[in-house]
*Asks:* 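This is the structure I have questions about; it appears just below.
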Amino acid sequence: MTDTRRYWLVKTDASSFSWTDLWASPKRTTRWDGVRNYQARNMLRDGMKRGDLVFFYHSNFDPSAIVGICEVVREGYPDPTAFDRKDDHFDPKSDPAAPTWISVDLRAVAPFRKPLALPELRGVKGLEKMELLRKGSRLSVMPVTPKEWAVVTALAE
DNA sequence: GCCAACGTTGGC
DNA sequence: GCCAACGTTGGC
């Protein structure tokens with residue numbers, strides 16, 4: 001059996017949208033919107049497929065940590081907040097006929113029993129090249145290799 | 001709160 | 001097309 005599923009990590013500032021918020025959402029599902037970085041956008045648009053699994057990461061937190069796993073339940077579609085004048089993420093340059101920004105829907109799968117804090121992940125064998133741990137890494141959506149996924153989920157057990 | 005790293009903007 | 005200035009992210 002071949003596993004073609006891909007793995008990802010999304011960052012969120014827990015003060016704006018946290019794991020608890022996701023868990024409390026209808027069907028434990030939310031629209032992942034407001035991403036305004038082209039590299040991240042490309043992964044939302046081209047990379048993420050239904051059924052892909054995603055680490056949910058709290059940034060700007062004490063400590064910043066991976067707190068759970070969610071799943072892609074709807075693949076890329078135009079991010080409506082880009083067209084909403086009243087939204088913080090409104091982008092007047094984005095043309096509704098050729099949308100610049102993309103959303104996916106994510107559904108919570110399960111929280112980690114214990115959050116995996118950033119300092120805890122540093123130095124773990126097998127995670128040396130993990131994008132999250134790279135100095136200066138600011139991507140809010142990033143790929144995770146199957147090996148990294150296995151290492152991190154094993155730590156969470 | 002500080003500041004390094006990074007992406008974007010805009011003058012030229 | 002270069003690059004300085006600026007704004008933002010996010011670890012610490």
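Each chain gets a letter, A, B and so on, in the order the sequences are listed, and its residues count up from 1.
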*Asks:* For Phe83(A), what residues pass the ring pair (Phe, Tyr, Trp, His ring centres under 6.0 Å) criterion, not counting sequence neighbours?
*Replies:*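 Partners of Phe83(A) by the ring pair (Phe, Tyr, Trp, His ring centres under 6.0 Å) criterion come out as none, since no residue qualifies.
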
*Asks:* Hydrophobic cluster mates of Tyr38(A), side-chain heavy atoms under 4.5 angstrom, ILVMFWY only, any path?
*Replies:*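 Besides Tyr38(A), the cluster holds Trp101(A).
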
*Asks:* Identify, with sequence neighbours excluded, every residue that meets side-chain contact (heavy atoms from CB on, under 4.5 Å) alongside Ser16(A).
*Replies:*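 So Ser16(A) forms a side-chain contact (heavy atoms from CB on, under 4.5 Å) with Thr12(A), Asp13(A).
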
*Asks:* Rounded to the Å, how far apart are Lys135(A) NZ and dG10(C) P?
*Replies:*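 Those two atoms, NZ and P, are 15 Å apart.
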
*Asks:* Figure out the CG/P separation between Leu133(A) and dG10(C), and round it to whole Å.
*Replies:*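 From Leu133(A) CG to dG10(C) P: 14 Å.
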
*Asks:* Report the residues that fulfil salt bridge (charged side-chain N to carboxylate O under 4.0 Å, His left out) with Glu131(A), sequence neighbours left out, ordered by chain and then residue number.
*Replies:*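 Counting only residues at least two positions away or on another chain, Glu131(A) forms a salt bridge (charged side-chain N to carboxylate O under 4.0 Å, His left out) with Arg134(A).
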
*Asks:* Measure CG/Asn60(A) against P/dC2(B) and give the value in whole Å, please.
*Replies:*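 In whole Å, dC2(B) P lies 16 Å from Asn60(A) CG.
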
*Asks:* Rounded to the nearest 0.5 Å, what separates atom NZ in Lys27(A) from atom CZ in Arg107(A)?
*Replies:*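 Reported value, rounded in 0.5 Å steps: 9.0 Å.
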
*Asks:* Using heavy atoms and a sub-4.0 Å distance, could you list which residues of residues 117-130 of chain A are near DNA chain B? By number, please.
*Replies:*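 Those residues: none at all.
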
*Asks:* Does atom NZ of Lys49(A) have more than 12 heavy-atom neighbours, drawn from other residues, nucleotides or ligands, at distances under 6.0 Å?
*Replies:*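 More than 12 heavy atoms, drawn from other residues, nucleotides or ligands, come within 6.0 Å of this atom.
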
*Asks:* Going by the rule salt bridge (charged side-chain N to carboxylate O under 4.0 Å, His left out), which residues pair with Asp21(A) if we only count those two or more places apart in sequence or in a different chain?
*Replies:*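 If we apply the salt bridge (charged side-chain N to carboxylate O under 4.0 Å, His left out) test to Asp21(A), skipping adjacent residues, there are no hits.
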
*Asks:* Output every pair passing salt bridge (Lys or Arg N to Asp or Glu O under 4.0 Å) with a member in residues 57-67 of chain A, not counting sequence neighbours, ordered by first then second residue.
*Replies:*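 Listed by first then second residue: nothing to list.
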
*Asks:* Indicate the atoms forming the closest heavy-atom contact of Leu9(A) with Met130(A), along with that distance.
*Replies:*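 In this case the closest contact between Leu9(A) and Met130(A) is CD1-CE, 4.3 Å.
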
*Asks:* Could you walk me through whether Trp32(A) and Phe56(A) pass the ring-ring contact (aromatic ring centres under 6.0 Å, His included) check?
*Replies:* CA-CA 11 Å; Trp32(A) 206 253; Phe56(A) 194 96; 5.7 Å; yes

*Asks:* Strictly below 4.0 Å, heavy-atom distances to any atom of DNA chain B: list the hits from residues 83-106 of chain A, or just say none.
*Replies:*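 Here the set is Lys93(A).
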
*Asks:* Classify Arg134(A) by what it touches in the nucleic acid, base, sugar-phosphate, or nothing, heavy-atom distance under 4.0 Å.
*Replies:*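 Sugar-phosphate, no base atom in range.
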
*Asks:* Ring pair (Phe, Tyr, Trp, His ring centres under 6.0 Å) with Tyr57(A): which residues, sequence neighbours excluded?
*Replies:*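 Testing Tyr57(A) for ring pair (Phe, Tyr, Trp, His ring centres under 6.0 Å), a comparison that skips the adjacent residues, returns none.
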
*Asks:* CE of Met43(A) to CG of Leu139(A): how many Å apart, nearest 0.5 Å?
*Replies:*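 Reported value, rounded in 0.5 Å steps: 4.5 Å.
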
*Asks:* Look at Tyr57(A) and dT9(C) and indicate whether a side-chain polar atom (N or O) is within less than 4.0 Å of OP1 or OP2.
*Replies:*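 No, outside the criterion.
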
*Asks:* Describe, as an angle rounded to 10 degrees, how the axis at the first end of the helix from dG1(B)-dC12(C) to dC12(B)-dG1(C) is tilted relative to the axis at the last end, five pairs per end.
*Replies:*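 The value is 10°.
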
*Asks:* Quick one: which protein N/O atoms are closer than 3.5 Å to N/O atoms of nucleotides 5-8 of chain C? Pair and distance per line, please.
*Replies:*
from   : atom 1 : to        : atom 2 : distance (Å)
dT8(C) : O2     : Arg138(A) : NH1    : 2.4

*Asks:* Under 4.5 Å between side-chain heavy atoms, chaining through other members, with only Ile, Leu, Val, Met, Phe, Trp and Tyr counted: pull out the rest of the cluster around Tyr77(A), sorted by chain and number.
*Replies:*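 None, because no other hydrophobic side chain comes under 4.5 Å of this residue.
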
*Asks:* Tell me the interatomic distance from His58(A), atom NE2, to dT9(C), atom P, rounded to whole angstroms.
*Replies:*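 Atom NE2 in His58(A) sits about 17 Å away from atom P in dT9(C).
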
